[in-house]
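Residue indices begin at 1 and follow the sequence shown. Because only heavy atoms are used, hydrogens play no part in the values below, and waters and symmetry mates are left out as well, while side chains stay in.
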Amino acid sequence: MEKTDSLWYKNAVFYELYVRGFYDSNGDGHGDLRGLMQKLDYLQELGVDCLWLLPIYPSPLKDDGYDIADYYSIHPDYGSLDDFRALLEAAHARGIRIIMDLVLNHTSDQHPWFQAARRRSPEQSEGGSDPASPYRDYYVWSDTDQKYRQARIIFVDTEKSNWTWDPVAGKYYWHRFYACQPDLNYDNPAVRAEIFNILRFWLDLGVDGFRADAVPYLFEREDTDCENLPETHAYLKQLRRFVDEHYPGRILLCEANQWPQDVRSYFGSGDEFHLAFHFPLMPRIFMAMQRADLTPIKWVLEQTPVIPDECQWCTFLRNHDELTLEMVTEEERQGLWQAYAPDPRMRLNLGIRRRLAPLFRDDRRKIELAYSLLFTLPGSPIIYYGDEIGMGDDLQLPDRNGVRTPMQWEDSPDAGFSTADILYAPVLNDRQYCPQRVNVAAQRADAGSLWHTLQKMIAIRKQYSALSCGNINWVDCGTSAVAVYQRACKGEQLLVINNLSAISQTVDCSLPPGITDGIRDIMTNQPANFTDGQLSLMLRPYEYRWLLLPMQKG
Ligand code: NOJ
């Protein structure tokens, strides 16, 4: 990989990938690392810069790998460490980077640390025969379930408490997620040291960084909500220092489903995370499109603090989880549920467990418009596997599994995903989204497909550095149904126009002073007409335009 561009992530297009669902190379019904290797040409052709792999560690898979049972190995379904090395090499040879999920907050209850931690010390055990476990302190234990009562429950649909009784230890243990995911005790220096070893192991292997899972919850303190504590930030800064010192150019991406003001602290002064997801923007893209009103997007970006120059937001439309509605008001949540999840089976926790295309009832205009917003608003965009072809979801499957079905490569019944009779999850079989209707091969062969539009958007996005700078200037065009903004950087200026409404709109807006030469639509390569510094356009329902303004003279 090019070593010189240490800020590569600021203008990268990320692709979130579920290895189990991508491509099965050995016919066992599960996607694997060798399978992913075979599809790297596809990803290169799509134009993405960096893959984010969902957890690939050994795990009992109670939370699809976010319950890690061994941090130093690969789940046998996915292959081996050698396969992973080969994958990294092959990806790097194509100029594609790979970051992996790293779960810092908790392990699986099957992790040997937890199993050992449960054992009683000799004084506690009746016969005095159990060895004292040095691992007891790796987790957070209590004799009551009344500590840290201000901490909210995250998986509200399944968990009643953040404490679970362990009969072997004779104590309660603390967990912010499922009860099978005990939280690690970061007050223990041994735990803090373990994480450094884990980082070193994978960075030595060549990974380009980590998507750090659930970082706000590392430490617990009484009389707080146990989120975003100063101790947590101090520790994360140490991790960052370690990465910078020994592995420059590798990145840390922060998963903190919080308000931008709170997430801001995870960037520190450029000495904590390189990137952080912008969670609250995502539901507001859906809200703005549903209401045909740009206000929610504008509002949340106004709430978004400036971040250090070398940092970047990561933006997304959908991912492997439910479309979270934690960062909206109760009234807004009800509105979004009604519009986008009318069937109760579509709802999960405080969110919506659906993919992008079904959310928009497969309306190509809306899907493209959502991508237009994603690619032109501030932040590095992430595409969720399968959403580049408009894959559907399976509401019959429990939890979030319905958005993790096999990638649809071809129109065959197994979607060209695997030769096995039984797959880890069924291929979609509904009329609208089955592989016969939605698959990669057909879309690649059709120049007018969603896939080709996405490929073009990615290429254009990477060509214009104005899209990777932080600035956005809203332009008044007389109606809030059309989101018009300018992105400018180093003399390059783009004017982006998105019709959020289901009706045609006439847009009139003033151009920056001094524009005399031609304006070009960079998606269609057509000129856009203007007179006397005024741009006047007619937009079809949900139409979007990306206009390049000429360099200003003087
Ligand atoms: C966030 C992950 O995205 C989600 O899939 C997981 O269940 C929780 N963290 C717990 O690790």
Side-chain angles (χ1 to χ4, degrees), residues 281-302 315-318 332 335-336 339-340 356-379 381 387 390 448-450 452-454 456-458 460-461 464 466-467 472-488 493-512 515 519-531 533-549:
L281 172 64
M282 181 272 300
R284 284 175 180 79
I285 292 179
F286 291 92
M287 210 188 290
M289 288 177 61
Q290 181 224 338
R291 296 181 182 171
D293 180 6
L294 63 90
T295 314
I297 298 178
K298 192 170 175 215
W299 179 82
V300 80
L301 292 178
E302 281 165 2
T315 53
F316 59 99
L317 295 169
R318 290 294 299 108
E332 290 168 338
L336 287 164
Y340 291 106
L356 187 65
L359 282 165
F360 290 128
R361 295 174 201 270
D362 212 17
D363 186 331
R364 172 80 181 269
R365 300 168 307 172
K366 292 189 191 177
I367 297 171
E368 276 194 35
L369 178 67
Y371 275 122
S372 165
L373 290 161
L374 181 75
F375 279 101
T376 60
L377 289 171
D387 281 354
S449 69
L450 176 64
H452 278 281
T453 303
L454 254 271
K456 192 167 182 180
M457 281 185 175
I458 294 170
I460 289 178
R461 148 98 206 181
Y464 294 96
L467 291 173
I472 177 167
N473 292 315
W474 292 87
V475 177
D476 185 8
C477 70
T479 168
S480 64
V482 183
V484 184
Y485 41 85
Q486 221 179 303
R487 304 290 314 275
Q493 282 191 89
L494 295 176
L495 187 71
V496 184
I497 306 175
N498 300 285
N499 179 5
L500 304 170
S501 73
I503 55 172
S504 298
Q505 299 279 353
T506 310
V507 168
D508 281 299
C509 57
S510 309
L511 294 166
I515 302 233
I519 297 177
R520 194 164 51 86
D521 183 319
I522 49 179
M523 279 299 284
T524 60
N525 220 3
Q526 297 296 313
N529 296 327
F530 65 100
T531 34
Q534 280 293 117
L535 183 74
S536 196
L537 285 176
M538 178 74 167
L539 294 172
R540 292 188 303 276
Y542 304 114
E543 191 181 354
Y544 57 94
R545 309 284 297 270
W546 298 3
L547 303 179
L548 177 66
L549 307 183

To the nearest 0.5 angstrom, please state how far the [atom1] atom of [X] sits from the [atom2] atom of [Y].
{"X": "Leu373", "Y": "Asn498", "atom1": "CG", "atom2": "CG", "value": "4.0 Å"}
{"X": "Arg520", "Y": "Leu494", "atom1": "CZ", "atom2": "CG", "value": "10.0 Å"}
{"X": "Met287", "Y": "Leu336", "atom1": "CE", "atom2": "CG", "value": "5.0 Å"}
{"X": "Glu302", "Y": "Trp474", "atom1": "CD", "atom2": "CH2", "value": "8.5 Å"}
{"X": "Leu294", "Y": "Ser480", "atom1": "CG", "atom2": "OG", "value": "5.5 Å"}
{"X": "Ile285", "Y": "Leu317", "atom1": "CD1", "atom2": "CG", "value": "5.5 Å"}

Report task. Could you walk me through whether Ile367 and Leu359 pass the side-chain contact (heavy atoms from CB on, under 4.5 Å) test, one step at a time? Result -> CA-CA 9 Å; Ile367 297 171; Leu359 282 165; over 6 Å; no
Any heavy-atom pair between the side chains of [Y] and [X] that's under 4.5 Å?
{"X": "Arg284", "Y": "Glu332", "result": "yes"}
{"X": "Ser504", "Y": "Glu543", "result": "no"}
{"X": "Leu454", "Y": "Asp387", "result": "no"}
{"X": "Thr453", "Y": "Tyr371", "result": "no"}
{"X": "Phe375", "Y": "Val496", "result": "no"}
{"X": "Ile519", "Y": "Leu511", "result": "yes"}
{"X": "Leu369", "Y": "Asn499", "result": "no"}
{"X": "Leu535", "Y": "Val507", "result": "no"}

Might you point out which heavy atoms bring [X] and [Y] nearest each other, and give the distance in Å?
{"X": "Gly390", "Y": "Ala357", "result": "O-CB, 3.5 Å"}
{"X": "Ala488", "Y": "Gln493", "result": "CB-CG, 3.9 Å"}
{"X": "Ser510", "Y": "Val475", "result": "O-CG1, 4.3 Å"}
{"X": "Gly335", "Y": "Gln290", "result": "O-NE2, 4.0 Å"}
{"X": "Pro378", "Y": "Thr315", "result": "O-CG2, 3.4 Å"}
{"X": "Met523", "Y": "Lys456", "result": "O-NZ, 2.6 Å"}

With no hydrogens and no angle check, is any side-chain donor or acceptor of [X] less than 3.5 Å from a backbone partner on [Y]?
{"X": "Arg461", "Y": "Leu467", "answer": "yes"}
{"X": "Asp363", "Y": "Arg365", "answer": "yes"}
{"X": "Arg545", "Y": "Leu495", "answer": "no"}

Query raised in the report: Do Ile472 and Arg487 pass the side-chain contact (heavy atoms from CB on, under 4.5 Å) test, and can you show the C-alpha distance, the side-chain angles, and the key distance before you say yes or no?
Result: CA-CA 5 Å; Ile472 177 167; Arg487 304 290 314 275; 4.1 Å; yes
Query raised in the report: With distance as the sole criterion, is a donor-acceptor pair present between the side chains of Glu368 and Tyr544 under 3.5 Å?
Result: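 Distance-only check passes for Glu368 and Tyr544.
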Report task. Determine the sole option in Tyr464, Tyr485, Trp546 for which the side-chain hydrogen bond (donor to acceptor under 3.5 Å, both in side chains) test with Thr376 is passed. Result ->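 Among Tyr464, Tyr485, Trp546, the one that satisfies the side-chain hydrogen bond (donor to acceptor under 3.5 Å, both in side chains) with Thr376 is Tyr485.
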Requested in this report: Test Asp293 against Leu500 for side-chain contact (heavy atoms from CB on, under 4.5 Å), laying out the working first.
Outcome: CA-CA 7 Å; Asp293 180 6; Leu500 304 170; 5.8 Å; no
Requested in this report: List for me each residue that meets ring pair (Phe, Tyr, Trp, His ring centres under 6.0 Å) alongside Tyr542, sequence neighbours excluded, and say none if there are none.
Outcome: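 Here no residue qualifies.
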